[in-house]
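Below, read A as the first sequence line, B as the second, and so on, with proteins coming before strands; counting in each chain starts at 1.
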Amino acid sequence: MRYTHSFLKTLKDAPKEAELISHQYLLRGGFVTPLGAGIYTYLPMGFRVMRKIYTIIQEELNKIGVEDILMPVVHPARVWKETGRFFEVGPELWKIQNRSEEDFVLAMTHEEVVTDAAKKVIQSYKDLPKLVGQIQLKVRDEARPRGGLLRLREFTMQDAYSFDKDEKELEMSYQKFIGAYKKIFERVGVKTVMIESDTGAMGGLGAHEFMMITPSGEDKIVTDGTRAVNAEKLGIAKEEDVDSPAAASKIAEFFGTAKVEFMRGIEVGNIFKLGTKYSDPQKLNYLDENNQQRPVIMGSYGIGLDRLIASIVEASHDDKGMIWPKAVAPYHIHLISIGDDEKVWNTANHIYEELWQAGAEVFFDDRLDVSAGDKFADADLIGIPLRVVISSKTLNDSSVEVKEREKKTARLVALNSLVDSVRPR
RNA sequence: CGGGGCGUAGCGCAGCCCGGUAGCGCACCGCGUUUGGGACGCGGGGGUCGCAGGUUCAAAUCCUGUCGCCCCGACCA
(Lines give C-alpha, C1' and ligand atoms only; values in the text may rest on other atoms or scores of the structure.)
Protein backbone atom coordinates (compact mmCIF):
# COMPACT_ATOMS: atom_id res chain seq x y z
CA MET A 1 0.00 0.00 0.00
CA ARG A 2 1.11 3.51 -0.80
CA TYR A 3 0.70 6.21 1.82
CA THR A 4 -0.86 8.51 -0.78
CA HIS A 5 -3.57 5.92 -1.50
CA SER A 6 -4.10 4.85 2.08
CA PHE A 7 -6.97 5.71 4.42
CA LEU A 8 -4.24 6.49 6.96
CA LYS A 9 -4.02 9.76 8.86
CA THR A 10 -1.65 10.03 11.79
CA LEU A 11 -1.91 12.50 14.65
CA LYS A 12 0.83 14.44 16.39
CA ASP A 13 -1.26 15.00 19.50
CA ALA A 14 -3.13 12.18 21.17
CA PRO A 15 -6.84 12.80 21.70
CA LYS A 16 -7.29 13.84 25.30
CA GLU A 17 -9.47 10.89 26.26
CA ALA A 18 -6.53 8.52 25.79
CA GLU A 19 -4.55 7.79 28.95
CA LEU A 20 -3.06 4.37 28.33
CA ILE A 21 -0.04 4.33 26.06
CA SER A 22 -1.64 1.65 23.89
CA HIS A 23 -4.75 3.78 23.49
CA GLN A 24 -2.72 6.85 22.57
CA TYR A 25 -0.53 5.14 20.00
CA LEU A 26 -3.35 3.14 18.41
CA LEU A 27 -5.31 6.38 17.92
CA ARG A 28 -2.33 8.45 16.81
CA GLY A 29 -1.11 5.79 14.42
CA GLY A 30 -4.49 5.51 12.73
CA PHE A 31 -5.13 1.90 13.80
CA VAL A 32 -8.56 2.49 15.31
CA THR A 33 -11.01 5.34 15.75
CA PRO A 34 -13.82 5.63 18.31
CA LEU A 35 -17.49 5.76 17.40
CA GLY A 36 -18.76 5.85 20.96
CA ALA A 37 -17.75 4.72 24.43
CA GLY A 38 -16.26 1.25 24.05
CA ILE A 39 -17.15 1.05 20.36
CA TYR A 40 -14.39 1.32 17.77
CA THR A 41 -13.86 1.21 14.04
CA TYR A 42 -10.78 -0.72 12.98
CA LEU A 43 -8.94 1.28 10.35
CA PRO A 44 -6.70 -0.44 7.78
CA MET A 45 -3.57 -0.66 9.98
CA GLY A 46 -5.47 -1.99 12.96
CA PHE A 47 -7.50 -4.41 10.88
CA ARG A 48 -4.33 -5.87 9.38
CA VAL A 49 -2.99 -6.55 12.88
CA MET A 50 -6.33 -8.09 13.85
CA ARG A 51 -6.19 -10.42 10.85
CA LYS A 52 -2.63 -11.50 11.64
CA ILE A 53 -3.67 -12.45 15.15
CA TYR A 54 -6.82 -14.09 13.83
CA THR A 55 -4.76 -16.33 11.58
CA ILE A 56 -2.26 -17.28 14.28
CA ILE A 57 -5.05 -18.23 16.69
CA GLN A 58 -6.83 -20.27 14.08
CA GLU A 59 -3.63 -22.10 13.10
CA GLU A 60 -2.80 -23.09 16.66
CA LEU A 61 -6.32 -24.17 17.49
CA ASN A 62 -6.65 -26.15 14.29
CA LYS A 63 -3.47 -27.97 15.27
CA ILE A 64 -5.11 -29.35 18.42
CA GLY A 65 -8.16 -30.40 16.46
CA VAL A 66 -10.50 -27.43 16.78
CA GLU A 67 -12.88 -27.03 13.84
CA ASP A 68 -13.93 -23.51 12.87
CA ILE A 69 -17.58 -22.52 13.05
CA LEU A 70 -19.43 -19.19 13.10
CA MET A 71 -22.33 -18.53 15.45
CA PRO A 72 -24.82 -15.66 15.33
CA VAL A 73 -24.66 -12.43 17.31
CA VAL A 74 -28.44 -12.20 17.68
CA HIS A 75 -29.86 -14.98 19.83
CA PRO A 76 -33.50 -15.85 20.45
CA ALA A 77 -33.99 -15.60 24.22
CA ARG A 78 -35.20 -19.18 24.29
CA VAL A 79 -31.76 -20.72 24.82
CA TRP A 80 -30.81 -18.15 27.44
CA LYS A 81 -34.03 -18.90 29.28
CA GLU A 82 -33.26 -22.63 29.15
CA THR A 83 -30.10 -22.12 31.19
CA GLY A 84 -31.62 -19.38 33.33
CA ARG A 85 -28.92 -16.89 32.41
CA PHE A 86 -31.54 -14.69 30.76
CA PHE A 87 -32.62 -13.78 34.28
CA GLU A 88 -29.39 -14.29 36.24
CA VAL A 89 -26.65 -12.50 34.36
CA GLY A 90 -27.72 -8.93 35.03
CA PRO A 91 -27.67 -5.73 33.00
CA GLU A 92 -24.51 -6.68 31.17
CA LEU A 93 -26.59 -8.99 29.04
CA TRP A 94 -27.90 -6.81 26.23
CA LYS A 95 -31.56 -7.63 25.71
CA ILE A 96 -33.55 -6.48 22.70
CA GLN A 97 -37.00 -7.10 21.29
CA ASN A 98 -38.15 -7.51 17.74
CA ARG A 99 -41.25 -5.89 16.21
CA SER A 100 -43.45 -8.57 17.75
CA GLU A 101 -42.00 -7.80 21.16
CA GLU A 102 -40.27 -11.15 21.34
CA ASP A 103 -37.13 -11.27 23.47
CA PHE A 104 -33.69 -11.58 21.93
CA VAL A 105 -30.24 -11.12 23.38
CA LEU A 106 -27.03 -9.97 21.80
CA ALA A 107 -24.18 -12.44 22.06
CA MET A 108 -22.46 -11.80 25.37
CA THR A 109 -20.90 -15.24 24.93
CA HIS A 110 -21.89 -18.38 23.05
CA GLU A 111 -22.23 -21.33 25.45
CA GLU A 112 -25.99 -21.61 24.98
CA VAL A 113 -25.80 -21.42 21.21
CA VAL A 114 -22.97 -23.91 20.81
CA THR A 115 -24.72 -26.31 23.18
CA ASP A 116 -27.91 -26.02 21.17
CA ALA A 117 -25.99 -26.82 17.99
CA ALA A 118 -24.15 -29.71 19.64
CA LYS A 119 -27.46 -31.44 20.44
CA LYS A 120 -27.92 -32.06 16.74
CA VAL A 121 -24.46 -33.60 16.40
CA ILE A 122 -23.74 -35.46 19.62
CA GLN A 123 -25.90 -38.45 20.55
CA SER A 124 -23.44 -41.21 21.35
CA TYR A 125 -20.14 -41.70 23.16
CA LYS A 126 -18.89 -42.41 19.64
CA ASP A 127 -19.50 -38.74 18.84
CA LEU A 128 -17.07 -37.65 21.58
CA PRO A 129 -14.79 -35.88 22.07
CA LYS A 130 -15.40 -32.85 19.85
CA LEU A 131 -13.74 -29.43 19.68
CA VAL A 132 -15.20 -26.42 17.88
CA GLY A 133 -14.43 -22.74 17.95
CA GLN A 134 -14.98 -19.40 16.32
CA ILE A 135 -13.73 -15.83 16.19
CA GLN A 136 -16.78 -13.63 16.47
CA LEU A 137 -18.19 -10.43 17.94
CA LYS A 138 -19.33 -10.30 21.52
CA VAL A 139 -21.64 -7.55 22.75
CA ARG A 140 -21.99 -6.54 26.38
CA ASP A 141 -23.69 -3.58 27.98
CA GLU A 142 -20.62 -2.64 29.98
CA ALA A 143 -21.23 -0.31 32.87
CA ARG A 144 -17.94 1.35 32.15
CA PRO A 145 -15.88 0.76 29.03
CA ARG A 146 -12.30 1.88 29.60
CA GLY A 147 -8.68 1.92 28.54
CA GLY A 148 -9.18 2.15 24.80
CA LEU A 149 -9.37 -1.44 23.59
CA LEU A 150 -9.07 -2.97 27.06
CA ARG A 151 -12.76 -3.04 27.92
CA LEU A 152 -15.25 -2.64 25.11
CA ARG A 153 -18.98 -2.89 24.62
CA GLU A 154 -18.48 -4.64 21.31
CA PHE A 155 -15.38 -6.74 20.84
CA THR A 156 -13.92 -9.62 18.90
CA MET A 157 -13.29 -12.82 20.76
CA GLN A 158 -11.97 -16.22 19.96
CA ASP A 159 -14.13 -18.71 21.83
CA ALA A 160 -13.85 -22.47 21.58
CA TYR A 161 -15.73 -25.30 23.24
CA SER A 162 -14.86 -28.87 24.16
CA PHE A 163 -17.33 -31.74 24.50
CA ASP A 164 -16.19 -34.79 26.44
CA LYS A 165 -17.75 -37.87 27.99
CA ASP A 166 -16.26 -37.44 31.45
CA GLU A 167 -14.06 -35.20 33.57
CA LYS A 168 -10.95 -37.19 32.78
CA GLU A 169 -11.40 -36.55 29.08
CA LEU A 170 -12.25 -32.91 29.80
CA GLU A 171 -8.91 -32.60 31.55
CA MET A 172 -7.21 -33.82 28.38
CA SER A 173 -9.05 -31.27 26.25
CA TYR A 174 -8.26 -28.60 28.83
CA GLN A 175 -4.56 -29.39 28.67
CA LYS A 176 -4.62 -29.24 24.87
CA PHE A 177 -5.99 -25.71 25.02
CA ILE A 178 -3.44 -24.67 27.64
CA GLY A 179 -0.73 -25.78 25.24
CA ALA A 180 -2.30 -24.02 22.28
CA TYR A 181 -2.85 -20.81 24.24
CA LYS A 182 0.75 -20.72 25.39
CA LYS A 183 1.88 -21.04 21.77
CA ILE A 184 -0.51 -18.33 20.62
CA PHE A 185 0.66 -15.82 23.22
CA GLU A 186 4.27 -16.67 22.47
CA ARG A 187 3.75 -16.18 18.74
CA VAL A 188 2.07 -12.80 19.12
CA GLY A 189 4.81 -11.65 21.50
CA VAL A 190 2.95 -11.36 24.79
CA LYS A 191 4.38 -12.84 27.98
CA THR A 192 1.61 -14.35 30.06
CA VAL A 193 1.22 -16.20 33.32
CA MET A 194 -1.59 -18.67 33.88
CA ILE A 195 -3.44 -18.09 37.11
CA GLU A 196 -6.32 -19.74 38.92
CA SER A 197 -9.54 -17.80 38.84
CA ASP A 198 -13.18 -17.76 39.75
CA THR A 199 -15.70 -19.25 37.40
CA GLY A 200 -17.98 -16.20 37.63
CA ALA A 201 -21.08 -16.11 35.48
CA MET A 202 -19.71 -18.92 33.33
CA GLY A 203 -20.08 -21.42 36.13
CA GLY A 204 -18.51 -24.84 36.29
CA LEU A 205 -15.75 -26.85 37.88
CA GLY A 206 -12.76 -24.54 37.66
CA ALA A 207 -11.08 -21.87 35.63
CA HIS A 208 -7.78 -20.30 34.73
CA GLU A 209 -6.82 -16.97 33.23
CA PHE A 210 -3.86 -15.95 31.10
CA MET A 211 -2.53 -12.65 32.38
CA MET A 212 -0.07 -10.27 30.86
CA ILE A 213 1.64 -8.68 33.84
CA THR A 214 1.59 -4.87 33.63
CA PRO A 215 0.81 -2.03 36.04
CA SER A 216 -1.80 -0.70 33.63
CA GLY A 217 -3.86 -3.88 33.90
CA GLU A 218 -7.20 -3.84 35.68
CA ASP A 219 -6.92 -7.34 37.14
CA LYS A 220 -5.20 -8.07 40.44
CA ILE A 221 -3.04 -11.11 40.98
CA VAL A 222 -1.50 -12.69 44.06
CA THR A 223 1.44 -15.05 43.67
CA ASP A 224 3.94 -16.88 45.85
CA GLY A 225 6.33 -17.31 42.95
CA THR A 226 5.16 -20.74 41.87
CA ARG A 227 1.38 -20.49 41.85
CA ALA A 228 -0.69 -17.44 41.04
CA VAL A 229 -4.34 -16.66 41.64
CA ASN A 230 -6.78 -13.90 40.77
CA ALA A 231 -6.94 -11.72 43.89
CA GLU A 232 -10.74 -11.67 43.76
CA LYS A 233 -10.73 -15.41 44.44
CA LEU A 234 -9.12 -14.63 47.80
CA GLY A 235 -11.46 -11.73 48.48
CA ILE A 236 -8.67 -9.23 47.95
CA ALA A 237 -9.75 -6.03 46.24
CA LYS A 238 -6.62 -3.92 46.45
CA GLU A 239 -2.94 -4.19 47.22
CA GLU A 240 -3.24 -3.13 50.84
CA ASP A 241 -5.69 -5.98 51.50
CA VAL A 242 -2.89 -8.49 51.05
CA ASP A 243 -1.56 -7.53 54.47
CA SER A 244 -4.94 -7.49 56.18
CA PRO A 245 -5.81 -10.09 58.84
CA ALA A 246 -8.90 -11.09 56.85
CA ALA A 247 -6.79 -12.04 53.84
CA ALA A 248 -4.03 -13.72 55.84
CA SER A 249 -5.96 -16.90 56.52
CA LYS A 250 -7.11 -17.23 52.92
CA ILE A 251 -3.61 -16.64 51.63
CA ALA A 252 -2.19 -19.20 54.06
CA GLU A 253 -4.87 -21.68 53.10
CA PHE A 254 -4.31 -21.25 49.37
CA PHE A 255 -0.52 -20.97 49.21
CA GLY A 256 0.61 -22.56 52.48
CA THR A 257 2.75 -19.49 53.02
CA ALA A 258 2.26 -15.84 53.94
CA LYS A 259 5.01 -14.61 51.64
CA VAL A 260 3.10 -13.43 48.59
CA GLU A 261 3.41 -10.71 46.00
CA PHE A 262 0.69 -8.50 44.49
CA MET A 263 0.68 -7.69 40.78
CA ARG A 264 -1.58 -6.24 38.14
CA GLY A 265 -2.32 -7.76 34.78
CA ILE A 266 -4.45 -7.71 31.68
CA GLU A 267 -6.58 -10.80 31.24
CA VAL A 268 -5.94 -11.80 27.63
CA GLY A 269 -7.36 -15.30 27.83
CA ASN A 270 -9.51 -17.46 30.05
CA ILE A 271 -10.45 -21.12 30.14
CA PHE A 272 -13.29 -22.79 32.00
CA LYS A 273 -14.16 -26.34 32.95
CA LEU A 274 -17.88 -25.91 32.49
CA GLY A 275 -18.83 -29.46 33.43
CA THR A 276 -22.58 -29.92 32.99
CA LYS A 277 -23.52 -26.29 33.66
CA TYR A 278 -25.01 -26.01 30.15
CA SER A 279 -25.46 -29.62 29.09
CA ASP A 280 -27.80 -30.32 32.03
CA PRO A 281 -30.38 -27.56 31.50
CA GLN A 282 -30.13 -27.72 27.71
CA LYS A 283 -30.25 -31.53 27.77
CA LEU A 284 -27.09 -32.15 25.79
CA ASN A 285 -26.77 -35.86 26.56
CA TYR A 286 -25.09 -38.86 25.01
CA LEU A 287 -25.67 -42.57 25.24
CA ASP A 288 -22.72 -44.41 26.79
CA GLU A 289 -21.46 -47.94 26.11
CA ASN A 290 -24.05 -49.36 28.52
CA ASN A 291 -26.98 -47.56 26.90
CA GLN A 292 -27.13 -45.00 29.71
CA GLN A 293 -27.98 -41.32 29.11
CA ARG A 294 -25.22 -39.06 30.44
CA PRO A 295 -24.69 -35.29 30.21
CA VAL A 296 -21.83 -34.13 28.00
CA ILE A 297 -18.93 -32.57 29.94
CA MET A 298 -18.05 -29.18 28.46
CA GLY A 299 -15.22 -26.67 28.55
CA SER A 300 -14.91 -23.18 27.09
CA TYR A 301 -11.82 -21.27 26.04
CA GLY A 302 -11.56 -17.59 25.10
CA ILE A 303 -9.11 -14.94 23.95
CA GLY A 304 -10.07 -11.27 23.52
CA LEU A 305 -8.46 -10.07 20.30
CA ASP A 306 -8.88 -6.34 20.89
CA ARG A 307 -7.47 -6.63 24.36
CA LEU A 308 -4.61 -8.71 23.01
CA ILE A 309 -3.77 -5.99 20.48
CA ALA A 310 -3.69 -3.38 23.25
CA SER A 311 -1.57 -5.69 25.38
CA ILE A 312 0.99 -6.12 22.62
CA VAL A 313 1.36 -2.34 22.39
CA GLU A 314 1.57 -1.99 26.17
CA ALA A 315 4.35 -4.55 26.13
CA SER A 316 6.19 -3.33 23.05
CA HIS A 317 6.71 0.38 22.45
CA ASP A 318 9.12 3.24 23.11
CA ASP A 319 8.70 6.99 23.45
CA LYS A 320 8.28 7.37 19.69
CA GLY A 321 5.63 4.78 19.05
CA MET A 322 4.70 1.16 18.72
CA ILE A 323 7.14 -1.69 18.01
CA TRP A 324 5.18 -4.55 16.45
CA PRO A 325 6.49 -8.09 16.72
CA LYS A 326 7.06 -9.42 13.19
CA ALA A 327 4.29 -11.99 13.42
CA VAL A 328 1.52 -9.45 14.00
CA ALA A 329 2.87 -6.29 12.36
CA PRO A 330 0.48 -4.64 9.89
CA TYR A 331 3.22 -4.77 7.24
CA HIS A 332 6.66 -6.35 7.07
CA ILE A 333 8.45 -3.35 5.62
CA HIS A 334 8.01 0.42 5.82
CA LEU A 335 9.56 1.82 2.65
CA ILE A 336 10.47 5.52 2.58
CA SER A 337 11.69 7.68 -0.27
CA ILE A 338 13.30 10.98 0.62
CA GLY A 339 13.12 14.01 -1.60
CA ASP A 340 11.74 14.31 -5.10
CA ASP A 341 14.90 13.28 -6.92
CA GLU A 342 13.87 11.34 -10.01
CA LYS A 343 16.36 8.51 -9.54
CA VAL A 344 15.33 8.09 -5.90
CA TRP A 345 11.67 8.08 -6.86
CA ASN A 346 12.11 5.54 -9.66
CA THR A 347 14.27 3.28 -7.51
CA ALA A 348 11.81 3.37 -4.61
CA ASN A 349 8.91 2.49 -6.89
CA HIS A 350 10.88 -0.33 -8.43
CA ILE A 351 11.84 -1.73 -5.03
CA TYR A 352 8.25 -1.46 -3.88
CA GLU A 353 7.06 -3.66 -6.73
CA GLU A 354 9.94 -6.10 -6.36
CA LEU A 355 9.40 -6.56 -2.64
CA TRP A 356 5.73 -7.38 -3.09
CA GLN A 357 6.62 -9.88 -5.79
CA ALA A 358 9.13 -11.42 -3.37
CA GLY A 359 6.35 -11.98 -0.84
CA ALA A 360 6.93 -9.00 1.44
CA GLU A 361 4.04 -6.85 2.65
CA VAL A 362 5.25 -3.30 2.06
CA PHE A 363 3.89 0.05 3.17
CA PHE A 364 5.42 2.73 0.95
CA ASP A 365 5.58 6.32 2.18
CA ASP A 366 5.53 7.78 -1.33
CA ARG A 367 4.63 11.33 -0.34
CA LEU A 368 6.73 13.80 -2.31
CA ASP A 369 5.89 16.95 -0.38
CA VAL A 370 6.67 15.69 3.12
CA SER A 371 10.00 16.19 4.87
CA ALA A 372 12.25 13.33 5.90
CA GLY A 373 11.71 13.95 9.59
CA ASP A 374 7.97 13.75 9.15
CA LYS A 375 8.26 10.39 7.43
CA PHE A 376 10.63 8.99 10.05
CA ALA A 377 8.31 10.09 12.83
CA ASP A 378 5.38 8.35 11.17
CA ALA A 379 7.42 5.20 10.65
CA ASP A 380 8.43 5.14 14.31
CA LEU A 381 4.85 5.74 15.41
CA ILE A 382 3.32 3.02 13.24
CA GLY A 383 6.04 0.61 14.31
CA ILE A 384 6.46 -1.66 11.30
CA PRO A 385 9.45 -3.91 12.20
CA LEU A 386 11.71 -3.06 9.26
CA ARG A 387 12.35 0.34 7.69
CA VAL A 388 13.95 0.78 4.26
CA VAL A 389 15.01 4.28 3.24
CA ILE A 390 15.78 5.27 -0.33
CA SER A 391 17.62 8.57 -0.69
CA SER A 392 20.25 10.12 -2.90
CA LYS A 393 22.60 10.13 0.08
CA THR A 394 23.12 6.37 -0.15
CA LEU A 395 21.85 5.68 -3.62
CA ASN A 396 24.94 7.32 -5.14
CA ASP A 397 26.86 4.38 -3.67
CA SER A 398 24.21 1.97 -4.96
CA SER A 399 23.07 1.16 -1.45
CA VAL A 400 20.00 1.73 0.68
CA GLU A 401 19.49 2.06 4.39
CA VAL A 402 17.81 -0.68 6.41
CA LYS A 403 16.83 -0.34 10.06
CA GLU A 404 14.97 -2.52 12.51
CA ARG A 405 12.33 -0.61 14.43
CA GLU A 406 13.64 -1.78 17.80
CA LYS A 407 17.26 -0.88 17.01
CA LYS A 408 18.95 2.48 17.31
CA THR A 409 21.21 2.29 14.29
CA ALA A 410 20.74 1.54 10.62
CA ARG A 411 22.86 -0.48 8.23
CA LEU A 412 23.57 -0.10 4.53
CA VAL A 413 22.61 -2.83 2.12
CA ALA A 414 23.68 -3.03 -1.51
CA LEU A 415 20.80 -2.16 -3.79
CA ASN A 416 21.12 -5.33 -5.81
CA SER A 417 20.88 -7.59 -2.75
CA LEU A 418 18.19 -5.67 -0.89
CA VAL A 419 15.15 -7.70 -1.89
CA ASP A 420 16.84 -10.95 -0.99
CA SER A 421 18.08 -9.68 2.36
CA VAL A 422 14.83 -8.20 3.65
CA ARG A 423 12.20 -10.59 2.27
CA PRO A 424 10.32 -12.46 4.96
CA ARG A 425 11.44 -16.05 5.35
C1' C B 1 -24.83 2.93 39.43
C1' G B 2 -21.93 6.58 43.13
C1' G B 3 -17.72 10.43 42.97
C1' G B 4 -14.76 13.79 39.95
C1' G B 5 -13.45 16.20 35.30
C1' C B 6 -14.31 17.83 30.31
C1' G B 7 -17.54 19.27 25.75
C1' U B 8 -15.22 25.85 21.23
C1' A B 9 -12.77 23.45 13.22
C1' G B 10 -10.11 16.61 11.90
C1' C B 11 -6.43 16.77 16.65
C1' G B 12 -4.48 19.77 20.83
C1' C B 13 -5.99 24.21 23.25
C1' A B 14 -7.20 29.78 24.65
C1' G B 15 -11.49 32.88 25.25
C1' C B 16 -16.07 32.07 29.94
C1' C B 17 -14.68 34.63 36.15
C1' C B 18 -16.10 40.44 34.35
C1' G B 19 -22.04 39.22 28.22
C1' G B 20 -20.72 43.15 22.97
C1' U B 21 -19.75 40.43 15.41
C1' A B 22 -14.96 33.45 17.74
C1' G B 23 -9.03 32.96 18.21
C1' C B 24 -4.07 30.13 18.38
C1' G B 25 -0.84 25.67 17.13
C1' C B 26 -1.01 21.20 14.24
C1' A B 27 -3.62 19.18 10.09
C1' C B 28 -5.95 20.85 5.22
C1' C B 29 -5.92 24.01 0.04
C1' G B 30 -2.83 27.36 -3.59
C1' C B 31 2.08 29.42 -5.15
C1' G B 32 7.24 29.42 -4.33
C1' U B 33 11.63 27.82 -1.76
C1' U B 34 12.83 23.20 0.73
C1' U B 35 13.82 17.38 1.67
C1' G B 36 18.26 12.42 6.59
C1' G B 37 14.61 13.31 12.36
C1' G B 38 7.91 16.25 12.99
C1' A B 39 11.04 22.76 7.22
C1' C B 40 10.02 28.11 5.66
C1' G B 41 7.52 32.45 3.30
C1' C B 42 3.10 34.52 1.29
C1' G B 43 -2.06 33.76 0.42
C1' G B 44 -6.50 30.78 1.71
C1' G B 45 -10.78 27.29 3.29
C1' G B 46 -13.24 25.21 7.34
C1' G B 47 -17.32 26.66 13.45
C1' U B 48 -25.51 25.99 14.45
C1' C B 49 -19.08 27.31 20.58
C1' G B 50 -22.66 19.30 22.42
C1' C B 51 -28.19 20.07 22.50
C1' A B 52 -32.77 22.49 24.39
C1' G B 53 -35.06 26.13 27.09
C1' G B 54 -34.50 30.77 29.96
C1' U B 55 -32.48 35.87 31.39
C1' U B 56 -30.90 40.13 28.31
C1' C B 57 -31.07 45.29 23.51
C1' A B 58 -27.20 41.47 23.01
C1' A B 59 -25.14 34.74 25.32
C1' A B 60 -19.31 30.55 23.73
C1' U B 61 -19.65 33.61 28.31
C1' C B 62 -25.02 34.04 33.14
C1' C B 63 -29.30 30.41 34.84
C1' U B 64 -32.02 25.61 34.30
C1' G B 65 -32.42 21.06 32.09
C1' U B 66 -30.47 17.40 29.00
C1' C B 67 -27.02 14.44 26.05
C1' G B 68 -22.08 12.82 25.24
C1' C B 69 -16.95 11.63 26.50
C1' C B 70 -12.86 10.56 30.08
C1' C B 71 -10.91 9.16 34.99
C1' C B 72 -11.64 6.78 40.14
C1' G B 73 -14.87 3.30 42.61
C1' A B 74 -18.85 -0.63 42.48
C1' C B 75 -19.70 -4.36 38.70
C1' C B 76 -17.20 -7.43 35.11
C1' A B 77 -18.03 -13.76 30.86
Side-chain atoms of residues 67-79 of chain A: list all donor-acceptor pairs with protein atoms under 3.5 Å, sequence neighbours left out, distances to 0.1 Å.
{"from": "A:Asp68", "atom 1": "OD1", "to": "A:Asn62", "atom 2": "ND2", "distance (Å)": "3.3"}
{"from": "A:His75", "atom 1": "ND1", "to": "A:Trp80", "atom 2": "NE1", "distance (Å)": "3.1"}
{"from": "A:His75", "atom 1": "NE2", "to": "A:Pro72", "atom 2": "O", "distance (Å)": "2.8"}
{"from": "A:Arg78", "atom 1": "NE", "to": "A:Glu82", "atom 2": "OE2", "distance (Å)": "3.4"}
{"from": "A:Arg78", "atom 1": "NH2", "to": "A:Asp116", "atom 2": "OD1", "distance (Å)": "2.7"}
{"from": "A:Arg78", "atom 1": "NH2", "to": "A:Asp116", "atom 2": "OD2", "distance (Å)": "3.4"}

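- With sequence neighbours left out, A:Glu186 forms a side chain to side chain contact (heavy atoms under 4.5 Å, CB included) with no residue at all.
- For the 3.5 Å distance criterion, the side chains of A:Ser162 and A:Tyr301 qualify, holding a donor opposite an acceptor.
- A 3.5 Å limit on both hydrogen-bonding distances identifies B:rC42 as the Watson-Crick or G-U partner of B:rG30.
- Taking the centre and axis of the six-membered ring of A:Phe185, the NZ or CZ atom of A:Arg187 falls outside the cone set by 45° and 6.0 Å.
- By the ring pair (Phe, Tyr, Trp, His ring centres under 6.0 Å) test, A:Tyr3 pairs with A:Phe363, sequence neighbours left out.
- With sequence neighbours excluded, no residue satisfies ring pair (Phe, Tyr, Trp, His ring centres under 6.0 Å) with A:Tyr25.
- Remark: A:Asn98 engages A:Ser100, A:Glu102, A:Phe104 in a side chain to side chain contact (heavy atoms under 4.5 Å, CB included) (not counting sequence neighbours).
- For the pair A:Arg307 and A:Phe155, the cation-pi criterion (under 6.0 Å, within 45° of the ring axis) is not fulfilled.
- Contacts of A:Phe87 classified as side chain to side chain contact (heavy atoms under 4.5 Å, CB included), with partners at least two apart in sequence or in another chain: A:Lys81.
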Hey, what are the protein-to-nucleotides 72-74 of chain B N/O distances that come in under 3.5 Å?
{"from": "B:rC72", "atom 1": "OP2", "to": "A:Arg144", "atom 2": "NH2", "distance (Å)": "2.3"}
{"from": "B:rG73", "atom 1": "N7", "to": "A:Arg144", "atom 2": "NH1", "distance (Å)": "3.3"}

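- Take A:His317 and apply the ring pair (Phe, Tyr, Trp, His ring centres under 6.0 Å) test, not counting sequence neighbours, and it matches no residue.
- When both pairing distances are held under 3.5 Å, B:rC16 makes no Watson-Crick or G-U pair with any nucleotide shown.
- With hydrogens and angles left out, the side-chain atoms of A:Thr83 and A:Glu112 include a donor and acceptor closer than 3.5 Å.
- Residues passing the ring pair (Phe, Tyr, Trp, His ring centres under 6.0 Å) test with A:Phe364 are A:Tyr352, sequence neighbours excluded.
- Sorted by residue number, the list of members of residues 172-183 of chain A with any non-hydrogen atom under 4.0 Å from RNA chain B is empty.
- Across residues 367-380 of chain A, A:Leu368, A:Val370, A:Ser371, A:Ala372, A:Gly373, A:Asp374, A:Phe376, A:Ala377, A:Asp378, A:Asp380 each have a non-hydrogen atom less than 4.0 Å from an atom of RNA chain B (numbered order).
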At a cut-off of 3.5 Å, list every protein nitrogen or oxygen paired with a nitrogen or oxygen from nucleotides 6-8 of chain B, distance to 0.1 Å.
none

